[in-house]
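Data first, discussion second: the structure below is written as structure tokens.
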Amino acid sequence: MLLSMLKGKLHMAAVTQAELWYDGSCAIDADLVKLAGLREFEQIDVLNVNNGERFTTYVILAEAGSNTISMNGAAARKVQVGDRVIIASYGQFNEEEAANFKPSLVYLDENNKVERTTNAIPMQVA
């Protein structure tokens with residue numbers, strides 16, 4: 001059996017652009033793509049913290065160091081510039097791979113600067 005597991009995420013990224021007439025996708029600063037373990041053309045889920053929208057698209061590269069997070073095509077209708085989003089990718093793992101895998105988690109500030117990286121989320125306490 002294969003398990004779908006979180007592979008990488010950009011947490012609380014700020015949308016810098018929304019381009020309705022650009023090829024549909026999500027353009028992400030190439031440095032952030034690498035840091036989160038994402039790949040160009042990889043499928044991602046985008047979770048908009050501001051309005052609750054959740055949608056699927058794919059990664060395209062934006063200029064390294066630009067801090068760009070641009071929702072393009074139909075995805076542009078799901079966000080406003082300045083919205084904070086979580087961008088997540090998933091992988092398929094067998095039981096043994098899943099037991100040893102650690103995701104790449106990147107936490108960003110309001111300017112898409114890296115605040116911290118980790119590979120674990122603390123247990124939520126009631």
**Fill in**
CE (Met71) and CZ (Arg77) are apart, to the nearest 0.5 Å, by 15.5 Å

**Prompt:** Does CD belonging to Glu115 count more than 12 external heavy atoms closer than 6.0 Å?
**Reply:** yes

**Message:** Quick check: closest heavy atoms across Ser104 and Ala36, and the distance to 0.1 Å?
**Reply:** CB-O, 3.5 Å

**Min side-chain heavy-atom separation Glu95-Met1 under 4.5 Å** = yes

**Message:** Evaluate Leu3 against Asn94 for side chain to side chain contact (heavy atoms under 4.5 Å, CB included), listing each step before the verdict.
**Reply:** CA-CA 6 Å; Leu3 303 168; Asn94 66 33; over 6 Å; no

**Request:** Examine distances only and state if a side-chain atom of Asp31 and a backbone atom of Gly65 form a donor-acceptor pair shorter than 3.5 Å.
**Result:** yes

Identify all side-chain donor-acceptor contacts of residues 81-91 below 3.5 Å with residues at least two apart in sequence or on another chain.
unit_1 : atom_1 : unit_2 : atom_2 : d
Asp83  : OD2    : Asn48  : ND2    : 2.9
Asp83  : OD2    : Gln80  : N      : 2.9
Arg84  : NE     : Met12  : O      : 2.7
Arg84  : NH2    : Met12  : O      : 2.7
Arg84  : NH2    : Leu108 : O      : 3.2
Ser89  : OG     : Gly8   : N      : 3.4

**Donor-acceptor contact present, side-chain Asn111 to main-chain Lys113, <3.5 Å** = no

**Request:** Take Ile121 and Lys9 through the test side chain to side chain contact (heavy atoms under 4.5 Å, CB included) and record every step on the way to the result.
**Result:** CA-CA 12 Å; Ile121 298 172; Lys9 83 170 178 174; 4.3 Å; yes

**Message:** Are Lys7 and Phe101 packed together at the side-chain level, in the sense that at least one heavy-atom pair is separated by less than 4.5 angstrom?
**Reply:** yes

**Complete:** Rounded to the nearest 0.5 angstrom, the CG-CH2 distance for Asn72 and Trp21 is 13.0 Å

**Non-hydrogen atoms of Thr16 and Thr68 that approach each other most closely** = OG1-CA, 3.6 Å

**Asked** Taking C-beta and beyond as the side chain, do Val33 and Leu10 meet within less than 4.5 Å on heavy atoms?
**Response** no

**Steps toward side chain to side chain contact (heavy atoms under 4.5 Å, CB included) verdict (Ile69, Asn112)** = CA-CA 8 Å; Ile69 303 289; Asn112 294 329; 3.5 Å; yes

**Message:** More than 12 heavy atoms of other residues, nucleotides or ligands under 6.0 Å from CD of Glu63: yes or no?
**Reply:** no

**Nearest-0.5 Å distance, SG of residue Cys26 to CG of residue Asp45** = 11.5 Å

**Message:** I'd like to check Leu2 versus Ser4 (side-chain heavy atoms, cut-off strictly below 4.5 Å). Are they in contact?
**Reply:** no

**Asked** Partners of Tyr58 by ring pair (Phe, Tyr, Trp, His ring centres under 6.0 Å), sequence neighbours excluded?
**Response** none

**Cluster link Val114 to Ile28, ILVMFWY, side chain under 4.5 Å** = yes

**Prompt:** Can Leu47 be reached from Leu105 by stepping across I, L, V, M, F, W or Y side chains whose heavy atoms are under 4.5 Å apart?
**Reply:** no

**Prompt:** Mind checking whether Val79 and Phe55 have side chains closer than 4.5 Å, heavy atoms only?
**Reply:** yes

**Prompt:** Hey, any chance Ile60 and Val15 share a hydrophobic cluster, counting ILVMFWY side chains that come within less than 4.5 Å of each other, even indirectly?
**Reply:** no

